[in-house]
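Notes for the one structure printed next.
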Amino acid sequence: MLKKDISLPKWLVGGLLSSVFKGRLDTVNALKIIKGRKIVIYHEDDKIIPFKISSLQTGVVNSKDRIAAESIRLSEVSIADSHNHPLDRFPEYHQLLQTCRSCVGLDGNLPNLQDMK
């Protein structure tokens, strides 16, 4: 007869659960305490993060507090799932690179990346 109950150490169960459930993910409040320039990159048709109810961009726009953050909306492209689509496949990729470089104090001007492929 097979034993149906398996004894697992509490540390293993706790570790597995904590790796899946990270607590309350309050990205809007987390964004408020970040110093310096902030960028929110979003796509309105994200299959993992529903834009209207979970998007950081929606939270920033609807926040009672004014949160200074730049936003870059990724355009529609002909794909089934934009969530895992490489950023360099979106038309806004160069804008995103320029903004990120500028945020860390680098020259926003970019070399011609098409020549590097």
Side-chain angles (χ1 to χ4, degrees):
M1 187 161 167
L2 294 173
K3 186 177 178 182
K4 293 183 180 179
D5 294 331
I6 300 174
S7 296
L8 295 174
K10 288 184 179 180
W11 62 267
L12 177 62
V13 174
L16 290 172
L17 288 175
S18 69
S19 69
V20 175
F21 301 104
K22 298 290 186 192
R24 186 168 180 230
L25 298 176
D26 192 345
T27 55
V28 175
N29 278 330
L31 190 66
K32 291 177 189 176
I33 62 173
I34 295 174
K35 305 280 189 246
R37 286 177 66 187
K38 303 168 193 116
I39 307 168
V40 177
I41 305 162
Y42 67 98
H43 192 284
E44 290 184 3
D45 192 31
D46 192 309
K47 302 294 185 214
I48 305 299
I49 305 169
F51 179 74
K52 290 185 179 182
I53 60 173
S54 299
S55 168
L56 177 57
Q57 176 65 15
T58 302
V60 168
V61 169
N62 294 335
S63 176
K64 295 175 190 169
D65 303 320
R66 187 180 177 318
I67 301 172
E70 298 174 56
S71 63
I72 297 177
R73 179 186 174 276
L74 299 175
S75 301
E76 296 298 321
V77 289
S78 298
I79 54 169
D81 183 6
S82 61
H83 184 81
N84 293 316
H85 195 62
L87 285 174
D88 67 348
R89 300 302 199 304
F90 286 98
E92 296 79 15
Y93 181 62
H94 287 273
Q95 174 194 2
L96 179 59
L97 283 180
Q98 289 174 326
T99 305
C100 289
R101 288 176 57 91
S102 176
C103 282
V104 296
L106 297 174
D107 182 0
N109 296 321
L110 299 169
N112 186 348
L113 297 178
Q114 298 301 322
D115 295 339
M116 296 180 172
K117 289 188 176 185

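Every heavy atom of this structure was used, including side-chain atoms; hydrogens, water molecules and symmetry mates were not.
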Q) In Å, rounded to the nearest 0.5 Å, how long is the span from CD1 of Ile41 to CZ of Phe90? A) 10.5 Å

Q. By the rule that ILVMFWY residues connect when side-chain heavy atoms come within less than 4.5 angstrom, directly or transitively, which residues belong alongside Val104?
A. Leu106

**Q.** Pair listing, side-chain hydrogen bond (donor to acceptor under 3.5 Å, both in side chains) test, anchored in residues 30-44, at least two apart
**A.** Asn29-Lys32, Lys32-Asp65, Arg37-Glu70, Arg37-Ser102, His43-Ser82, Glu44-Arg73

Q. Is Thr58 close to Phe51 at the side-chain level, that is, under 4.5 Å between some pair of heavy atoms?
A. yes

**Q.** From Leu74 atom CG to Arg89 atom CZ, the distance as rounded to the nearest 0.5 Å
**A.** 14.0 Å

Q: State the CG-CD distance between Leu87 and Glu92, to the nearest 0.5 angstrom.
A: 10.0 Å

(Q) Given Ile67, which partner from the list Val61, Val40, Leu56, Leu31 fulfils the side-chain contact (heavy atoms from CB on, under 4.5 Å) test? (A) Leu31

Q) Hydrophobic cluster mates of Ile33, side-chain heavy atoms under 4.5 angstrom, ILVMFWY only, any path? A) none

**Q.** Point-to-point distance, once rounded to the nearest 0.5 Å, from SG of Cys103 to CD of Gln98
**A.** 12.0 Å

Q: Starting at CD1 of Ile39, measure out to CG of Leu96 and round the result to the nearest 0.5 Å.
A: 6.5 Å

